[in-house]
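Let me begin by presenting the structure, written as structure tokens, before commenting on it.
We count residues from 1, following the sequence as given.
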Amino acid sequence: MALHAAQGPKLGLPQMISSRVQFGVYGAAIPIVLVCLMYLGFTATGTVLSGQAIGQLLGVSDSAGILLLCWAWCAPSISAW
């Protein structure tokens with residue numbers, strides 16, 4: 001899989017798209033699920049760290065900072081409805 005991922009920059013295609021050729025449509029589902037889990041973990045980690053930083057800057061608890069950050073991200077979407 002690592003050798004196949006090295007083809008991405010050379011071909012100009014994302015690795016998940018070009019892996020369908022190697023693994024087939026159903027075989028490519030496994031790497032796609034793993035990548036989605038990785039993206040969720042990255043987003044959760046960024047949210048927690050950013051919320052903790054906001055909590056420290058505002059002098060509130062870490063949980064309150066995380067909730068403030070989530071509210072700031074979601075408020076524009078909710079108000080657009």
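- Under a hydrophobic clustering in which Ile, Leu, Val, Met, Phe, Trp and Tyr are joined whenever their side-chain heavy atoms come within less than 4.5 Å, directly or via other members, Trp73 and Leu67 fall into different clusters.
- Here Ala72 pairs with nothing under the side-chain contact (heavy atoms from CB on, under 4.5 Å) rule; sequence neighbours left out.
- Residue Thr47 is tested with Thr43, Leu49, Thr45 for a side-chain contact (heavy atoms from CB on, under 4.5 Å); the sole match is Thr43.
- Ile30 meets the side-chain contact (heavy atoms from CB on, under 4.5 Å) test with Leu34; sequence neighbours excluded.
- Hydrophobic clustering (ILVMFWY, side-chain heavy atoms < 4.5 Å, transitive): Leu69 and Leu58 are in one cluster.
- Taking each heavy atom of Gln52 and Ile66 in turn, the nearest pair found is N-CG1, 4.3 Å.
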